[in-house]
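The block underneath contains the structure these notes are about, expressed in structure tokens.
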Amino acid sequence: MLVIAVVLLAWTVVLGFLLDGQTQVHNWSVSWVGMDLLQATGLVATAILLARQVRTVSPVAAATAALLVLDAWFDVATSEDGGAQYVALGMAFLVELPAALWLAWLAAFSLDWEAPSSPGKER
């Protein structure tokens, strides 16, 4: 794992010099729509698992929290100055990051739930 981390860090430095703050991206809208669909799926799955009060909500909530943090990061980092940046910052600090914090708390808290008492029977 350490070797992979070192290679990734080196690649990040190379990209930082090569991209020089500008790049052309193909299928940009597909990437954003895909990210939003992943988030929506995670939120729906989390709600269903939460309603059933099963511990498997933990990894789903954690993954969804990570997606929300990533979305906030990329929205803010890629927004243009002015109104778009204010909207991105507002969404990040008022919606995405608070939701991510709550999901992270849920992921940790739900680990303490009891396991089903018998195979195939959930709480």
Side-chain angles (χ1 to χ4, degrees):
M1 286 300 204
L2 185 57
V3 171
I4 295 171
V6 170
V7 170
L8 182 60
L9 182 60
W11 180 243
T12 303
V13 171
V14 169
L15 282 178
F17 285 110
L18 290 177
L19 296 179
D20 194 33
Q22 298 294 322
T23 188
Q24 293 292 325
V25 180
H26 299 287
N27 299 322
W28 189 248
S29 60
V30 172
S31 299
W32 284 114
V33 169
M35 174 78 90
D36 289 342
L37 288 175
L38 283 171
Q39 290 173 48
T41 301
L43 289 167
V44 169
T46 299
I48 291 169
L49 294 170
L50 181 60
R52 295 181 181 176
Q53 291 190 346
V54 292
R55 291 191 309 178
T56 52
V57 73
S58 182
V60 176
T64 305
L67 287 170
L68 286 166
V69 170
L70 284 172
D71 190 34
W73 170 265
F74 284 109
D75 283 346
V76 171
T78 62
S79 62
E80 294 185 17
D81 290 340
Q85 194 168 42
Y86 294 130
V87 170
L89 286 166
M91 286 293 292
F93 286 108
L94 298 175
V95 178
E96 294 160 334
L97 296 178
L101 284 172
W102 182 81
L103 287 165
W105 174 85
L106 175 63
F109 174 77
S110 62
L111 289 174
D112 292 335
W113 292 349
E114 288 184 27
S117 57
S118 64
K121 181 180 178 186
E122 295 180 354
R123 231 177 91 181

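From a predicted model like this one, the values you see are computed outputs, not experimental measurements.
When all heavy atoms of Ser58 and Ser110 are compared, the closest pair comes out as CB-OG, 3.3 Å. Nearest heavy atoms, Val76 versus Gln85: O-NE2, 4.3 Å. When all heavy atoms of Ala100 and Ala65 are compared, the pair lying nearest together is O-CB, 3.5 Å. Here the closest heavy-atom approach between residue Ser79 and residue Ala84 is recorded as CB-O, 3.9 Å. Residues Thr46 and Leu103 come closest through the heavy atom pair CG2-CD2, 3.7 Å. Of all the heavy atoms in Val60 and Ala45, the pair that sits closest is CG1-CB, 3.9 Å.
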Could you go through the side-chain contact (heavy atoms from CB on, under 4.5 Å) check for Met35 and Leu67 one step at a time? CA-CA 8 Å; Met35 174 78 90; Leu67 287 170; 3.9 Å; yes

Trace of the side-chain contact (heavy atoms from CB on, under 4.5 Å) decision for Arg55 with Asp112: CA-CA 8 Å; Arg55 291 191 309 178; Asp112 292 335; over 6 Å; no

Going through the distances and angles, do Leu89 and Asp75 end up as a side-chain contact (heavy atoms from CB on, under 4.5 Å)? CA-CA 8 Å; Leu89 286 166; Asp75 283 346; over 6 Å; no

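Between the CG atom of Leu43 and the OG1 atom of Thr64 there is a distance of 5.5 Å, given to the nearest 0.5 Å. Between Thr41 atom OG1 and Asp36 atom CG the span is 10.5 Å, to the nearest 0.5 Å. Atom-to-atom distance recorded for Leu68:CG and Glu96:CD is 6.5 Å, nearest 0.5 angstrom. Separating the CD atom in Gln39 from the CG atom in Leu70 is a distance of 9.0 Å, to the nearest 0.5 Å.
The ring-ring contact (aromatic ring centres under 6.0 Å, His included) search around Trp32 returns Trp28, not counting sequence neighbours.
In terms of hydrophobic clustering, with Ile, Leu, Val, Met, Phe, Trp and Tyr side chains grouped at heavy-atom distances under 4.5 Å, Leu50 and Phe109 are assigned to a common cluster. Cluster membership for Phe93 and Val69, using ILVMFWY side-chain heavy atoms within less than 4.5 angstrom, is shared. Following chains of ILVMFWY side-chain contacts shorter than 4.5 Å, one can reach Trp102 starting from Trp113, so the two form part of one hydrophobic cluster. Residue Val95 is grouped with residue Val87 when hydrophobic side chains (ILVMFWY) are merged at heavy-atom distances under 4.5 angstrom, including chains of intermediate members.
Between Leu106 and Val57, the closest side-chain pair of non-hydrogen atoms falls below 4.5 Å.
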